[in-house]
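Below is one structure, written out as structure tokens, with a few remarks after it.
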Number of protein chains: 2
Amino acid sequence: MSGTNGYKTRQRESILRYMTEHKDSHVTVNTISDYLAQQGTPVGTATIYRHLEKLVEQGTVRKYTVDAATGACFQFVEADRKCHEHYHLKCEKCGKLIHLKCSFVKELEEHIYAEHGFAVNPLRTVFYGVCQECAVPAAPAQKEEQNG
Amino acid sequence: MSGTNGYKTRQRESILRYMTEHKDSHVTVNTISDYLAQQGTPVGTATIYRHLEKLVEQGTVRKYTVDAATGACFQFVEADRKCHEHYHLKCEKCGKLIHLKCSFVKELEEHIYAEHGFAVNPLRTVFYGVCQECAVPAAPAQKEEQNG
DNA sequence: TAAAATCTGAAAATCGTTTTCATCTTACAC
DNA sequence: GTGTAAGATGAAAACGATTTTCAGATTTTA
């Protein structure tokens, strides 16, 4: 609490490194678990969950859900980017994160605050949807899990 | 499949009626289960899940997730009502969920699609922030589940 | 080096959701 | 009405993601 960021452990390093090296894909706890086990440096799932939770709390990692059956997804967020000044668009299909720099959104933020008395937090708010590349003209009519 | 919509049963009627009478709230399987049990017409959760699944398949009901810990939410959808989809504001402090019916957001949605080529999914997108009640007064600071 | 703070992971506990399966109901022909 | 096949039901077990427990291991700090 008092400025501490926790002890430096092999597990913590492994997880953090994995996150920084996989910024553009849907990372789940299993993804990480399987990878580390395969690398010969297994880490218990409980530990992975615990570290990710802390990383999310401190804003280093973002937590989101694409498919309820798959479980939570996590994504590393770069600190050097002024992410607090813009919003994000997250493609539900490819997992890509788009940094949206748009004055329109800022206006909406102000509108919501002025008219609805709600102070939006840009850091945690993510717009989910489908990006241009993943937008398929011909609807494949799959048996996909609904999510909205 | 061949035009059949299943047998007409008490359980099916109860569930459908509940959905049509609660179009504006977050309905979960437990919500329905508790209500029907209290009404003296209990329906097993497995049955509720089964019926909701069918209703979702046929487009009568929409399935979405607001909070992973709470589980799936369901909402009755009327054909003429689809354009009235609304967004949600989630207070990070007290956990309250606010239904935001605001044309400004709709405009933003259209703007993002037209100018940024991204099709926002309104039901999966949640604005996180702080509500009016939790704003200035002593922060209630709870241990809420993260979801952004 | 010792004590205190923190971390780890196997196993158990939770919790939402799905499946199993033996038993009812409904729809429909006779 | 009676018989029956397709479909529905629900208690309990199974499942899968996530959390908690707890005894033992590790990192810090003094």
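Sequence lines set the chain letters: A, B, ... in the order given, protein chains first and strands last, and positions in each chain run from 1.
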When the ring planes of A:His111 and A:His116 are compared, do they come out parallel, tilted or perpendicular, using 30° and 60° as the limits?
-> perpendicular

To the nearest Å, how far apart are A:Leu52 CG and D:dT18 C1'?
-> 12 Å

Does A:Glu133 come within less than 4.0 Å of A:Lys96, counting only side-chain N to carboxylate O?
-> yes

A:Gln11 side chain near C:dG9 phosphate (N/O to OP1/OP2, under 4.0 Å) | yes

Any side-chain donor near an acceptor of the partner, A:Lys90 and A:Gln75, under 3.5 Å = yes

Side chains of A:Tyr87 and A:His99: donor-acceptor distance under 3.5 Å anywhere?
-> no

For A:Lys54, salt bridge (Lys or Arg N to Asp or Glu O under 4.0 Å) partners two or more places apart | none

Please list, pair by pair, any protein nitrogen or oxygen found under 3.5 Å from a nitrogen or oxygen in nucleotides 11-17 of chain C.
residue, atom, partner, partner atom, Å
C:dT17, OP1, B:Ala72, N, 2.7
C:dT17, OP2, B:Tyr49, OH, 2.4
C:dT17, O5', B:Tyr49, OH, 3.0

Determine, step by step, whether A:Tyr113 and A:Val120 satisfy the side-chain contact (heavy atoms from CB on, under 4.5 Å) criterion, reporting the C-alpha distance in whole Å, the side-chain angles of both residues, the deciding distance to 0.1 Å, and the verdict.
-> CA-CA 7 Å; A:Tyr113 184 69; A:Val120 175; over 6 Å; no

Could you pull out all residues at least two apart from B:Glu13 that satisfy side chain to side chain contact (heavy atoms under 4.5 Å, CB included)?
-> B:Lys8

Taking only nitrogen or oxygen atoms into account, show me every contact under 3.5 Å that the protein makes with nucleotides 22-30 of chain D, one pair per line with its distance.
residue, atom, partner, partner atom, Å
D:dT28, OP1, A:Lys8, N, 3.3

Please report, rounded to the nearest Å, how far the C1' atom of D:dT9 is from the CD1 atom of B:Ile48.
-> 12 Å

Between atom CG in B:Leu55 and atom P in D:dA8, what is the gap in whole Å?
-> 12 Å

Mind running a 4.0 Å heavy-atom check of residues 33-43 of chain B against DNA chain C and sending the residues that fall below it, in number order?
-> none

Figure out the CD1/P separation between A:Ile32 and C:dT8, and round it to whole Å.
-> 13 Å

Distance test, side-chain N/O of B:His51 to OP1/OP2 of D:dA8, below 4.0 Å | no

Please give, in whole Å, the distance from C:dA5 P to A:Lys54 NZ?
-> 15 Å

Backbone of A:Arg17 reached by a side-chain donor or acceptor of A:Thr20 within 3.5 Å = yes

A:Tyr64 ring center within less than 6.0 Å of A:His26 ring center | yes

Are any side-chain N or O atoms of B:Thr65 and backbone N or O atoms of B:Ala72, one a donor and one an acceptor, separated by less than 3.5 Å?
-> no

Reckon B:Thr47 has a side-chain N or O less than 4.0 Å from the OP1 or OP2 of D:dG10?
-> yes

Indicate every side-chain donor-acceptor pair of residues 29-45 of chain A with a distance under 3.5 Å to a residue at least two apart or in another chain.
residue, atom, partner, partner atom, Å
A:Thr31, OG1, A:Thr28, N, 3.2
A:Thr31, OG1, A:Thr28, OG1, 2.8
A:Thr41, OG1, A:Leu36, O, 3.4

